[in-house]
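Take a look at the structure below.
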Amino acid sequence: MKNEKNLTTGVLLTLPDWLDKILAEKNIVIPDPEERMRWVIGLSRQNVEHASGGPFAAAVFAGDSGKLLAVGVNRVEPLNCSPAHAEVMAIVFAQQNLRTWDLGEDDKIPAEMVTSSQPCLMCLGALLWSGVTSVTYAATAADVTAILGFDEGPLPAVWPQELQKRGIRVKAEFLRAEAVAVLELYKKKQGTIYNSRKGKAGGRTP
């Protein structure tokens, strides 16, 4: 949407078409935590294989039952939108699906974030105010930086403790090797490393 001065006044965030078939099944439920993560990592791989964004995926589940509340994959490049990281996308869609800005407002449905890689600095901030009650991640920020050269931001060393202070549990490096394999695939396919100011302040020209 644009106003009379041709400045955008609305933004449409979309998931890739290949996800439509997967999400066509209503009430997706994955009770086993390991299978939840493996399913999310599988989405990150498909995002690479379909060239529909970066090598990252995330999902919000009802932590007690494993019911899928929303899913997100990285869409930075196709949407020309630097905030469109997988975790942010999953949070936005979960809040829209549940019609709430606070995913923690219903104590009976604890919201769990499952993400293929450790949240970057921006996604860490999004998690703090999302209302999720737990975060489980696979690959580490160090993996993402070492393998691909993405700038994950100045993450504070005590970030897990900061989340825990706010009632958000953290489970780290869960099925890490499987997520790292997706990062390696993205590298092999020469996917874009979309750091800002390429070549400066930690950025890298793809």
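All figures in this text were calculated on a predicted structure; none of them were measured in a lab. Residues take their numbers from the sequence shown, with the count starting at 1.
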By side-chain contact (heavy atoms from CB on, under 4.5 Å), E162 pairs with (sequence neighbours left out) V158, K165, R166
I'd like to know if L98 and W129 are part of one continuous hydrophobic network [Ile/Leu/Val/Met/Phe/Trp/Tyr, side-chain heavy atoms within less than 4.5 Å]. yes
Is a donor from one side chain sitting under 3.5 angstrom from an acceptor on the other, for E152 and T145? no
Quick one about N74 and Y194 (side-chain donor to acceptor, distance below 3.5 Å, no hydrogens or angles considered), yes or no?
yes
Is the distance between the ring centroids of Y186 and F56 under 6.0 Å? no
Take T140 and Q118 through the side chain to side chain donor-acceptor pair (under 3.5 Å) test and state the conclusion after the steps.
CA-CA 5 Å; T140 67; Q118 179 181 337; 5.0 Å; no
Query - Between T100 and Q95: side-chain donor-acceptor atoms closer than 3.5 Å - result: no
_On the six-membered ring of F174, is K171 placed so that its NZ or CZ lies under 6.0 angstrom from the centre and within 45° of the ring axis?_
yes
Starting from L127, can I reach M122 by hopping between I/L/V/M/F/W/Y residues whose side chains sit under 4.5 Å apart? no
- Item | Test item: side-chain donor near acceptor, S44 and N47, under 3.5 Å | no
Review point. Out of curiosity, does L124 fall in the hydrophobic cluster containing V114 (side-chain heavy atoms, cut-off under 4.5 Å, transitive links)?
Key: no
Exercise. Answer yes or no: is there an ion pair linking R36 with E112, defined by an N-O contact shorter than 4.0 Å?
Key: yes
**Asked** Heavy atoms, side chains only, cut-off 4.5 Å: are L23 and V71 in contact?
**Response** yes
Side chains of residues 57-67: which donor-acceptor pairs under 3.5 Å do they make with residues two or more places apart or in other chains?
from, atom 1, to, atom 2, distance (Å)
S65, OG, K67, N, 3.2

